[in-house]
There are 2 protein chains.
Amino acid sequence: MPPRTTRRPSMADVARRVGVSTQTISRYYSGQGYVSEETRVRIAAVVDELGYVPNRAAGSLRARRTGTIGVLNVGELNWGSAQILSGLSAAARASGQALLIAEVDPDQGAEEWREHARAAVDHFLAAPVDAIIVSTAMQGSEEVFAAARERVPVVNLSARPRSEDPERPLPSSVGYDATRHLLELGHRRVAHLVGPRTRNEALDREAGYLRAMAEAGLEPQVLEGATDWWAPSGAAAADRLDSIDFTAVFAGNDELALGFMSRLEGRGLRAPEDYSIVGVDDMPTAAFFSPPLTTIAIDFAQIGKLALEAAVQAIETGEHRPLPIAEQPLRIRASTAPLRFGQPVGHTASTTS
Amino acid sequence: MPPRTTRRPSMADVARRVGVSTQTISRYYSGQGYVSEETRVRIAAVVDELGYVPNRAAGSLRARRTGTIGVLNVGELNWGSAQILSGLSAAARASGQALLIAEVDPDQGAEEWREHARAAVDHFLAAPVDAIIVSTAMQGSEEVFAAARERVPVVNLSARPRSEDPERPLPSSVGYDATRHLLELGHRRVAHLVGPRTRNEALDREAGYLRAMAEAGLEPQVLEGATDWWAPSGAAAADRLDSIDFTAVFAGNDELALGFMSRLEGRGLRAPEDYSIVGVDDMPTAAFFSPPLTTIAIDFAQIGKLALEAAVQAIETGEHRPLPIAEQPLRIRASTAPLRFGQPVGHTASTTS
DNA sequence: ATCACCTAAGTGATCGGTAACCTACGGCTG
DNA sequence: CAGCCGTAGGTTACCGATCACTTAGGTGAT
């Protein structure tokens, strides 16, 4: 079929058919001003008959409000960021906003990724959008978004807590809580499988871990090797270990924990008998791992909802309020257990491939 | 800060400063018509200086092309649909398109969900978008999109193969291939853990399974109980079994397989010793399940790319080509093994909770 | 009786671009 | 040297809504 022949109906078409001016139709949609009940009914009938849908591009041109919010996601959509997106999109629908999305691949060089982010921001500004939500941010991204802030409000979900930051997000306690759980079970040699350092969440969780360890007067042990948030990265981190001298591990997220557990099992070590492990996210699969994974359940959908509301607020009032923190309950499952004497980990240094 | 005070620069601002007409700036961006190299350089300098970004809403008004494509997703973003979205967004960036997204919750009544879908489509048409991509469709959604088709091209990624369907997607062979693998291992009592019947993918896979079983002259056995694609649904399906009389299972996706395996393990049955199981998706965690899951790897990112290209083609030429099928290799891991005599499943009917 | 005010609408300008058409100049060709 | 074409760019109308303002009848208070 040739590129659409019938022109889509405009507000003028509707107005003509109802026998009023376009202004009345505009009022019908905006709710501002007076439209009699009778006229309202006749408009509704014509709208339905013609299949009229107002053209947002036209409206926003004059109104200087597009009702569109840009959502920037860094890296592939994992369970968490996908959930955030779901939360955002539910809230957006509720408040009549449209969501424009862009994804930036962080696994390039630092310069390339910054260039990508800049392009994505321009993409949003071109739309144009009323606000930008940065779903997951990378370290060093602040300057890119600072430029965008001169045009539209920017809500950064994972900006690091800094006093100069306009949003001043409260520090998340995920890393601290997870580590505390392990310490309360009696573990003393608690390691942290750190997520990709380029992401702010990974840095936050590491900071929480370090704080909990310092408070307890214990030596931290950070396991490196994760280049992204997926299970193979956790496996790679496990493969790097040639000796194992911890009795508990706090993994940056559930995926990393799974990959890590899987490789340790290959070396004859199982949780919770041989070591304890706790993750973050509580993705739906985590409860079905073997063993079921103790983890911190982050209410990502709620985060998305809060972020969208914050963006709408910023659009309407220009006021940036710090994002409240969603609930983050610890879900205790079978992967963690109290430290027992004679726990093999830390004594044997098995070296299997 | 008060709601932005400085007006964003317009094309006229740039033109004035360069000393040309807006038309020349327009030509600079569109590449249509002649702009001398010298002028080009001066425009670039001013654009950079003012931080000018063309307003797509304004341009599209006259050009009747918004460069925006709507992506409708049905249900929460699971691994597959998130990957499709990633593929779409990468391809969109490459071709300069913007992606508008909306999510529709299918777990309402059939009437409610149809109403939601209609609202989402209107949302897209309001933008307006140049095309709509339906990432995962539900049964019975065709009529909703048929209405949208009168306005813009609609690419439906999971429309069921029907001769009347303008896109006539080729039937996917996922269900058939997975079942064949189990049959080739010697299994005869092969069950299918069917996905949520409301989704077309679930129906397609079931059809493939039934075809393979019929070809082999075997009695099919469909395990019901999954209301979504997540692991808890797989567990629920396992909980419904009071006797187990199969030696192999083809699960609708990896998540379902995981939930199912986890519950059977609670009943003392492990793959591949006691039964074989194969999933679909090859999500990154699947290789780290215990046992690592044999599964069909769907190249979702590729699907997204193809879909976006098809949409762009339809926009430009009005021509709907059927989507080529992405590769779907079988990844053989430890969850499937040849049928052995004396395999316990099918003999014992354990009833543990 | 006059005036203020509410209800219900209409008028014309305008947002920031693009389409279509037009102008001007130089070089090459017949 | 007239005619034609390629290059470089300008002019004007227009896309489809919203904004700011105006009109006009009816009602209640002074």
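Letters A, B, ... are given to chains in the order of the sequence lines, protein chains preceding strands, and every chain is numbered from 1. For clarity, every value in this text was computed on a predicted model and none was experimentally measured.
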Distance check needed: [N] [atom2] versus [X] [atom1], whole Å only.
X: A/Gln23; N: D/dA17; atom1: CD; atom2: P; answer: 12 Å
X: B/Ile25; N: C/dG16; atom1: CD1; atom2: P; answer: 15 Å
X: B/Tyr29; N: C/dG16; atom1: OH; atom2: C1'; answer: 13 Å
X: A/Met11; N: D/dC15; atom1: CE; atom2: C1'; answer: 14 Å
X: A/Leu61; N: C/dG17; atom1: CG; atom2: C1'; answer: 8 Å
X: B/Arg7; N: C/dC15; atom1: CZ; atom2: P; answer: 8 Å
X: A/Glu37; N: C/dA9; atom1: CD; atom2: C1'; answer: 16 Å
X: A/Arg16; N: C/dG10; atom1: CZ; atom2: P; answer: 14 Å

Does a side-chain heavy-atom distance below 4.5 Å link [X] with [Y]?
X: A/Phe145; Y: A/Asn156; value: yes
X: A/Val47; Y: A/Tyr29; value: yes
X: A/Ile69; Y: A/Leu100; value: no
X: A/Arg56; Y: A/Thr68; value: yes
X: A/Ile101; Y: B/Leu85; value: yes

Name the closest nucleotide to the [X] side chain, picking from [options].
X: B/Pro54; options: D/dT18, C/dG17, D/dA17; result: C/dG17
X: B/Asn55; options: D/dG16, C/dG10, C/dG17; result: C/dG17
X: A/Ala63; options: C/dA9, D/dA17, D/dT18; result: D/dT18
X: A/Tyr52; options: D/dT18, D/dG16, D/dA17; result: D/dA17

Output yes when at least one side-chain N/O atom of [X] is less than 4.0 Å from OP1 or OP2 of [N], else no.
X: A/Thr22; N: D/dT18; value: no
X: A/Ser26; N: D/dT18; value: yes
X: B/Thr39; N: D/dG9; value: yes
X: A/Arg8; N: D/dG16; value: no
X: B/Arg64; N: D/dC14; value: no

When you match A/Arg42 and B/Arg56 each to their closest nucleotide on DNA chain C, which lands nearer the 5' end?
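The residue closer to the strand's 5' end, by nearest nucleotide, is A/Arg42.
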Taking for each residue the nucleotide of DNA chain C with the nearest heavy atom, is it A/Ser21 or A/Tyr34 whose nucleotide lies nearer the 5' end?
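With A/Ser21 and A/Tyr34 compared, the 5'-side residue is A/Tyr34.
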What's the angle between the local helix axes at either end of the helix from C/dA1-D/dT30 to C/dG30-D/dC1, using five pairs per end and rounding to 10 degrees?
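Nearest ten degrees gives 40° for this helix.
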Can you find a donor-acceptor N/O pair under 3.5 angstrom joining the side chain of A/Arg27 to the base of C/dA8?
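A donor-acceptor contact between them is absent.
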So which one's nearest nucleotide on DNA chain D is more toward 5', A/Ser60 or B/Thr24?
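Of the two residues, B/Thr24 wins.
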Pick the closest DNA chain D nucleotide for A/Gln32 and for B/Ser36 by heavy atoms, then say which residue is nearer the 5' end.
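That would be B/Ser36.
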Salt bridge check: are A/Glu103 and B/Arg93 linked by an N-O gap of less than 4.0 Å?
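Here A/Glu103 does not pair with B/Arg93 in a salt bridge, since their nearest N and O are not under 4.0 Å apart.
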Crowded around A/Arg17 CZ? As in, over 12 foreign heavy atoms under 6.0 Å?
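Open: at most 12 neighbouring heavy atoms sit under 6.0 Å from CZ of A/Arg17.
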To the nearest 0.5 Å, tell me how far A/Asp299 CG sits from A/Leu306 CG.
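If I round to the nearest 0.5 Å, the distance is 8.5 Å.
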